[in-house]
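Since the model is a prediction, treat every value here as computed from it, not as a measurement. As a basis for the values below, the full set of heavy atoms in this structure was taken, side chains included, without hydrogen atoms, waters or symmetry mates. Sequence lines set the chain letters: A, B, ... in the order given, protein chains first and strands last, and positions in each chain run from 1.
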Number of protein chains: 2
Amino acid sequence: MTLLQSLSKNQQIVLDIIKKAKGPLKAYSILFNVQKKGINAPQQIYRALDKLIEMGKIHKIESKNAFVACKSSDCEISKATAFSICESCEVVDEISDAKLSKYLSGFNRKKGMKFKRFNLEFFGICKKCK
Amino acid sequence: MTLLQSLSKNQQIVLDIIKKAKGPLKAYSILFNVQKKGINAPQQIYRALDKLIEMGKIHKIESKNAFVACKSSDCEISKATAFSICESCEVVDEISDAKLSKYLSGFNRKKGMKFKRFNLEFFGICKKCK
DNA sequence: CTTAAATATGTTATATTATAACAAACGTTA
DNA sequence: TAACGTTTGTTATAATATAACATATTTAAG
């Protein structure tokens with residue numbers, strides 16, 4: 001019984017914009033894009049972003065302070081994220097690799113803690129930019 | 001012939017503070033700590049931080065916008081970084097694991113790009129906080 | 001139904017993080 | 001010592017993010 005969590009108005013607006021985008025979007029760039037829709041304040045964007053992240057609909061690219069839609073046809077909650085980032089054209093791709101994910105999910109420091117979540121960012125130059 | 005790059009005055013001041021710290025430091029917290037030493041402006045901190053990162057003396061924890069000293073007795077240039085981050089006490093540990101590093105350095109997307117660098121952040125609750 | 005609780009919204013203000021731009025000093029090294 | 005690159009100092013401002021509070025809407029329980 002997959003009670004597919006419905007989105008609020010602002011959450012839907014923000015998600016739509018992020019989905020349509022070709023690359024990662026910054027919060028204020030989202031804001032400028034939705035002012036015609038009656039959203040005027042950063043708070044409104046950040047609140048929607050927070051919820052969308054919680055729901056696993058989007059991810060934050062930490063090294064860029066930008067947001068992308070989740071590619072994995074709606075992962076539940078993002079415990080294991082990996083991205084490839086082109087340092088030239090700034091294109092970001094979500095990496096879905098079962099082996100990688102399993103390897104990292106199973107990785108635990110000897111004396112240390114058990115991990116709940118990880119985020120991995122790869123950097124390089126993509127094929128197009130070479 | 002290891003020409004061990006010498007640090008400038010500000011670079012040395014900033015590095016010393018980061019090394020003494022128990023956890024990751026934020027740029028403005030560094031700034032407040034060095035105002036007695038005649039450093040007054042964010043620019044001066046950020047410039048030192050940038051150079052120290054280039055040299056591999058420190059790393060930026062992207063998810064926290066904070067900086068830690070490199071633990072690996074001065075890694076050359078940080079092409080492969082991994083950290084464990086406690087979500088409770090916020091302690092950050094650099095992970096030096098040859099296998100992990102090798103695994104990830106060898107990871108290349110099939111059709112995609114060859115990676116030059118990666119950064120991995122694990123999150124959980126550390127032993128002390130459990 | 002209808003009241004209470006939780007969630008979402010709108011809004012103003014402000015905090016935090018980071019860079020731009022320019023002038024002066026310092027340090028190589030040729 | 002002149003020319004170049006690097007570092008410094010400084011003022012200003014850009015970019016990213018949260019606090020706090022009032023109101024509205026949705027959900028769930030009695």
Side-chain angles (χ1 to χ4, degrees), chain A residues 1-18 21 23-68 77 87 90 92 119 121, chain B residues 1 3-18 21 23-68 87 90 92 119 121:
Chain A
M1 189 178 148
T2 40
L3 66 139
L4 47 143
Q5 193 149 11
S6 73
L7 300 176
S8 78
K9 185 188 120 231
N10 288 0
Q11 288 159 14
Q12 191 63 62
I13 290 171
V14 169
L15 179 57
D16 285 347
I17 295 218
I18 294 178
L25 288 186
K26 306 217 153 208
Y28 276 77
S29 129
I30 296 169
L31 177 56
F32 297 140
N33 271 282
V34 298
Q35 289 190 319
K36 47 197 162 195
K37 292 205 165 121
I39 298 183
N40 306 297
Q43 247 323 346
Q44 298 175 283
I45 303 298
Y46 281 104
R47 283 197 289 227
L49 290 172
D50 286 348
K51 292 294 178 183
L52 291 169
I53 289 172
E54 270 182 27
M55 295 176 199
K57 302 283 187 189
I58 65 171
H59 305 296
K60 181 173 187 181
I61 307 300
E62 294 287 356
S63 62
K64 300 174 81 67
N65 298 318
F67 304 85
V68 295
I77 281 153
E87 287 176 313
E90 312 240 301
V92 169
N119 180 55
E121 299 181 5
Chain B
M1 191 180 149
L3 68 138
L4 46 143
Q5 192 151 14
S6 72
L7 301 176
S8 78
K9 187 190 119 230
N10 288 359
Q11 288 160 13
Q12 191 64 61
I13 290 172
V14 169
L15 179 57
D16 286 346
I17 295 219
I18 294 177
L25 287 185
K26 305 216 153 207
Y28 276 77
S29 129
I30 296 170
L31 177 56
F32 297 140
N33 270 283
V34 297
Q35 289 188 318
K36 47 197 162 194
K37 293 207 166 115
I39 298 182
N40 306 297
Q43 248 320 347
Q44 298 175 284
I45 302 299
Y46 281 103
R47 283 196 288 225
L49 290 172
D50 287 349
K51 291 294 180 183
L52 291 169
I53 288 172
E54 268 183 26
M55 296 174 197
K57 301 284 186 189
I58 65 172
H59 306 296
K60 180 172 186 182
I61 307 301
E62 294 288 356
S63 61
K64 301 175 80 67
N65 298 318
F67 305 85
V68 296
E87 287 176 313
E90 313 241 299
V92 169
N119 179 55
E121 299 182 5

Review point. Between residues 25-43 of chain B and DNA chain D, which residues have a heavy-atom gap below 4.0 Å?
Key: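 Going residue by residue through residues 25-43 of chain B, the ones with a heavy atom under 4.0 Å of DNA chain D turn out to be Asn40(B), Ala41(B), Gln43(B).
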Exercise for review: Determine whether the side chains of Gln12(A) and Asp16(A) contain a donor N or O and an acceptor N or O closer than 3.5 Å.
Suggested key: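 Asp16(A) and Gln12(A) do have a side-chain donor-acceptor pair below 3.5 Å.
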Review point. Regarding Glu121(A) and Asn119(A), is there a side-chain donor-to-acceptor distance under 3.5 Å anywhere?
Key: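 A donor-acceptor contact under 3.5 Å links the two side chains.
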Whole angstrom is fine here: how far is it from [atom1] in [X] over to [atom2] in [N]?
{"X": "Leu52(B)", "N": "dT7(D)", "atom1": "CG", "atom2": "P", "answer": "10 Å"}
{"X": "Leu49(B)", "N": "dT16(C)", "atom1": "CG", "atom2": "C1'", "answer": "15 Å"}
{"X": "Lys64(B)", "N": "dT18(D)", "atom1": "NZ", "atom2": "P", "answer": "13 Å"}
{"X": "Leu7(A)", "N": "dT9(C)", "atom1": "CG", "atom2": "P", "answer": "10 Å"}
{"X": "Glu54(B)", "N": "dT6(D)", "atom1": "CD", "atom2": "C1'", "answer": "12 Å"}
{"X": "Gln11(B)", "N": "dT6(D)", "atom1": "CD", "atom2": "P", "answer": "12 Å"}
{"X": "Asn10(A)", "N": "dA24(D)", "atom1": "CG", "atom2": "P", "answer": "16 Å"}
{"X": "Ile53(B)", "N": "dT17(C)", "atom1": "CD1", "atom2": "C1'", "answer": "13 Å"}

With a cut-off of less than 4.0 Å, is there a side-chain N or O of [X] near OP1 or OP2 of [N]?
{"X": "Asn65(B)", "N": "dA17(D)", "answer": "no"}
{"X": "Ser8(A)", "N": "dT25(D)", "answer": "no"}
{"X": "Lys9(A)", "N": "dT9(C)", "answer": "no"}
{"X": "Gln44(B)", "N": "dG9(D)", "answer": "yes"}

Minimum-distance pair of heavy atoms, taken over all atoms of [X] and [Y]:
{"X": "Ile53(B)", "Y": "Lys60(B)", "value": "CD1-CB, 4.3 Å"}
{"X": "Gln35(B)", "Y": "Asn40(B)", "value": "NE2-O, 4.0 Å"}
{"X": "Ser63(A)", "Y": "Glu62(B)", "value": "CA-OE1, 3.6 Å"}
{"X": "Ala48(B)", "Y": "Asn10(B)", "value": "CB-O, 4.0 Å"}

Review point. Reckon Lys60(B) touches a base, only the sugar-phosphate, or nothing at all at heavy-atom distances under 4.0 Å?
Key: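 Sugar-phosphate only.
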Review point. In a check of side chain to side chain contact (heavy atoms under 4.5 Å, CB included) between Ile58(B) and each of Leu15(B), Val14(B), Val68(B), Leu25(B), which one passes?
Key: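 Result: among Leu15(B), Val14(B), Val68(B), Leu25(B), Leu15(B) is the only option passing the side chain to side chain contact (heavy atoms under 4.5 Å, CB included) with Ile58(B).
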Check your understanding: Does Lys51(B) or Asp50(A) map to a spot on DNA chain D nearer the 5' end, using the closest nucleotide for each?
Key ->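 Of the two residues, Lys51(B) wins.
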Practice item. Would you kindly compare Phe67(B) and Arg47(B) by the position of their nearest DNA chain C nucleotide and give the one closer to the 5′ end? Key: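 Mapping each residue to its closest nucleotide by heavy atoms, the 5'-most match is Phe67(B).
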